[in-house]
Number of protein chains: 2
Amino acid sequence: MNMDLFNNAFPFWESLTETQRTEIVNNTTRNLCEKKTRLHFGGGECAGVQIIGSGRARVFITSPGGGDITLFRLLDGDVSILSAACMLNGMDIELDMEMETDCEIYTIPKKVYRKLYDESGVVKDYTMEMISEKFSDIMWLFNQFVFSNVASRIAGALLEHRAIEGGDELKLTHEDIAKDAGTAREVVTRILKQFQADGVVKLTRGKVTLIDAGRLGKI
Amino acid sequence: MNMDLFNNAFPFWESLTETQRTEIVNNTTRNLCEKKTRLHFGGGECAGVQIIGSGRARVFITSPGGGDITLFRLLDGDVSILSAACMLNGMDIELDMEMETDCEIYTIPKKVYRKLYDESGVVKDYTMEMISEKFSDIMWLFNQFVFSNVASRIAGALLEHRAIEGGDELKLTHEDIAKDAGTAREVVTRILKQFQADGVVKLTRGKVTLIDAGRLGKI
DNA sequence: GATTTTTCAGTGACAAAATCACATTTATTA
DNA sequence: TAATAAATGTGATTTTGTCACTGAAAAATC
């Protein structure tokens with residue numbers, strides 16, 4: 001097992017005892033998940049803390065009707081603390097995760113993490129900090145949803161993907177964008193057409209090319 | 001200072017040392033806030049942990065345009081943990097609070113609570129639990145906003161007020177309901193008219209009387 | 001390599017909800 | 001009582017969501 005994984009993921013790693021580190025290392029499982037694999041968290045079930053060894057995953061909520069809305073993404077080295085949050089009293093949320101690429105996922109079982117959490121103040125602080133951060137992220141998203149129009153949410157989604165991909169050629173379908181912006185696919189089609197007419201993007205099947213990211217940011 | 005206040009608000013109160021309790025009691029301030037008093041939290045400023053001695057307050061987010069959307073309410077004895085959450089790394093949210101009645105508010109300064117938080121694992125656990133609970137509440141609200149229509153959100157808001165008030169005569173303006181349901185006042189007017197036509201509510205100025213709460217729940 | 005199947009995009013018609021611009025009614029205050 | 005403020009009502013318009021399709025491009029299969 002690669003020790004760097006834990007050391008990079010957890011700022012508290014060095015401060016753990018040898019026993020604690022061994023306990024984690026021995027109980028962590030490694031899984032290779034193909035693209036499109038789905039995991040569900042909530043309703044009592046929760047795997048534990050997950051570390052993305054490599055790949056990219058999308059965390060979202062699902063509507064009764066089947067549609068879903070992206071909350072955030074997890075990239076290489078990210079820790080999915082919410083996957084273990086059901087160990088906490090009071091936390092009761094339903095989330096889904098879907099791999100956007102083939103992923104290497106390390107899972108620390110709920111019980112193992114819980115023990116560590118109870119033993120170590122540093123781990124408690126870290127957990128609190130991560131959850132607070134996610135809380136802030138979700139509040140920001142909430143603001144976007146209730147106070148922004150669809151066009152600016154779509155623009156935001158495109159710019160976020162630019163930051164992730166590190167380029168202006170985004171391999172995204174209208175469906176993908178719709179989930180990130182929390183709207184319907186047809187609406188994305190219409191607004192992207194408008195963006196194209198305005199000269200800020202260029203559209204081809206399964207791809208959006210950003211022409212004028214600056215102008216996109218002002219929408 | 002009334003000790004019952006702390007003992008009722010904080011499950012950990014009995015387990016604190018005499019010194020800790022004295023520190024809190026001596027530093028807690030009591031404020032009488034008139035109805036409509038507003039407090040802002042976020043952007044570095046945050047008063048500290050607040051306990052509602054008596055009265056009712058509404059916590060909400062504010063749009064750039066000035067509109068606002070209710071997140072939750074605080075009632076007698078409730079603790080507003082988010083008012084102090086800015087002491088945590090990673091937590092960075094903007095909230096407002098408005099008194100819906102004259103209120104008696106006790107405030108434990110941020111620094112005092114932070115000290116307690118650092119000293120005591122029990123306080124840390126309590127804080128984590130309260131924040132997790134709020135996180136869950138907000139996620140639930142998020143779901144309502146993105147997956148439910150306006151009619152059902154308005155119905156939900158009415159039923160929530162029934163639970164708070166403990167009766168079927170709700171002293172609410174359409175404006176009030178609009179803030180709770182996250183929509184515009186005119187929309188509330190129209191939908192309430194529909195509810196009235198359907199015989200589930202009766203409308204008078206500044207008041208909504210529930211006729212058939214059961215049917216309202218099914219909307 | 002041609003054909004079937006699947007995925008993705010485009011579009012018109014309509015419904016729901018938001019926004020704008022007022023008019024009207026009811027309560028409060030001067 | 002008149003003046004003011006607060007609450008409600010309503011039409012017109014725009015934006016967004018939903019439904020029901022069609023056609024085009026890519027993938028999979030024969």
Side-chain angles (χ1 to χ4, degrees), chain A residues 34-36 61-69 98 100 143-158 161 169-198 201-209 219, chain B residues 35-36 62-69 98 100 143-158 161 169-198 201-209 219:
Chain A
E34 283 193 337
K35 189 172 166 173
K36 293 193 182 172
I61 50 175
T62 304
S63 85
D68 60 64
I69 296 182
E98 183 181 281
E100 294 192 308
N143 267 274
Q144 297 300 304
F145 269 87
V146 295
F147 297 137
S148 307
N149 60 19
V150 183
S152 68
R153 295 209 307 273
I154 291 176
L158 292 176
H161 276 281
E169 289 217 345
L170 312 176
K171 274 179 197 131
L172 291 170
T173 67
H174 296 183
E175 182 80 50
D176 295 335
I177 299 168
K179 287 174 179 186
D180 285 10
T183 182
R185 199 260 317 155
E186 303 91 309
V187 176
V188 172
T189 300
R190 282 195 273 260
I191 289 179
L192 282 183
K193 287 243 124 199
Q194 190 55 54
F195 284 0
Q196 187 174 45
D198 296 345
V201 302
K202 196 165 95 51
L203 303 173
T204 41
R205 186 188 167 90
K207 196 168 78 178
V208 179
T209 309
I219 291 171
Chain B
K35 188 172 170 174
K36 293 194 182 172
T62 305
S63 84
D68 60 65
I69 295 182
E98 184 183 281
E100 294 191 308
N143 269 275
Q144 297 301 304
F145 268 87
V146 296
F147 297 137
S148 308
N149 60 19
V150 183
S152 68
R153 295 209 307 275
I154 290 175
L158 292 177
H161 276 280
E169 288 217 348
L170 312 177
K171 276 181 197 125
L172 291 169
T173 67
H174 298 181
E175 182 79 50
D176 295 336
I177 299 168
K179 288 175 177 185
D180 285 10
T183 183
R185 197 263 316 157
E186 305 91 306
V187 177
V188 172
T189 299
R190 282 195 268 261
I191 289 179
L192 282 183
K193 287 243 125 200
Q194 189 57 53
F195 284 1
Q196 187 173 42
D198 295 346
V201 302
K202 196 164 95 50
L203 303 174
T204 40
R205 185 187 168 92
K207 196 167 80 177
V208 179
T209 309
I219 292 172

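In this text the structure is predicted, and so the values were computed from the model without any measurement. Naming: A, B, ... by sequence-line order, numbering from 1 per chain.
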Open item on the list: Assess the residue pair A:Leu192 and A:Leu158 against the criterion (side chain to side chain contact (heavy atoms under 4.5 Å, CB included)); give the C-alpha distance rounded to whole Å, side-chain angles, the decisive distance to 0.1 Å, and a yes or no.
Closed with: CA-CA 10 Å; A:Leu192 282 183; A:Leu158 292 176; 4.1 Å; yes
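Salt bridge annotation for B:Glu98-B:Lys36: absent, with no cationic side-chain nitrogen under 4.0 angstrom from a carboxylate oxygen.
On the nucleic acid side, DNA chain D contacts chain A at distances under 4.0 Å to non-hydrogen atoms, with the end points of that region at D:dT16 to D:dA26.
Residues from residues 176-186 of chain A with heavy atoms under 4.0 angstrom of DNA chain C, sorted by number: A:Arg185, A:Glu186.
Residues A:Lys207 and A:Leu170 fail the side-chain proximity criterion, which asks for heavy atoms closer than 4.5 Å. A heavy-atom distance below 4.5 Å is not found between the side chains of B:Asp180 and B:Ile177. Between A:Ile61 and A:Asp68, every side-chain heavy-atom pair lies at or beyond the 4.5 Å cut-off. Contact check for B:Lys179 versus B:Ile69: no side-chain heavy atoms found under the 4.5 Å cut-off.
When rounded to the nearest whole Å, the span between CG of A:Leu203 and C1' of C:dT11 equals 15 Å. The nearest whole Å value for the distance from the CD1 atom in A:Ile191 to the C1' atom in C:dG10 is 15 Å. Per the geometry, CZ belonging to A:Arg190 stands 11 Å off C1' belonging to C:dC14, to the nearest Å. For the pair A:Leu172 CG and C:dT7 P, the computed distance is 18 Å after rounding to whole Å.
B:Glu175 pairs by the side chain to side chain donor-acceptor pair (under 3.5 Å) definition with nothing, not counting sequence neighbours. Applying the side-chain contact (heavy atoms from CB on, under 4.5 Å) test to B:Lys202 and every residue at least two apart in sequence or in another chain returns B:Gln196, B:Thr204, B:Thr209, B:Ile211.
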TODO: Report, as a single string ordered 5' to 3', how protein heavy atoms within less than 4.0 Å touch nucleotides 25-30 of chain C: B base, S sugar-phosphate only, - not at all.
DONE: BBS---
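Taking side-chain N and O atoms only, A:His174 has a distance below 4.0 Å to OP1 or OP2 of C:dG10.
Atom CZ of residue A:Arg153 and atom CD1 of residue A:Ile191 lie 8.5 Å apart, to the nearest 0.5 angstrom.
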Compile the donor-acceptor pairs under 3.5 Å between side chains in residues 145-152 of chain B and protein atoms, sequence neighbours left out, one pair per line.
{"unit_1": "B:Ser148", "atom_1": "OG", "unit_2": "B:Gln144", "atom_2": "O", "d": "3.3"}
{"unit_1": "B:Asn149", "atom_1": "OD1", "unit_2": "B:Ser152", "atom_2": "N", "d": "3.0"}
{"unit_1": "B:Asn149", "atom_1": "OD1", "unit_2": "B:Ser152", "atom_2": "OG", "d": "3.1"}
{"unit_1": "B:Ser152", "atom_1": "OG", "unit_2": "B:Asn149", "atom_2": "O", "d": "3.2"}

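Between the side chain of A:Ser63 and the backbone N or O of A:Gly67, at least one donor-acceptor pair lies under 3.5 Å.
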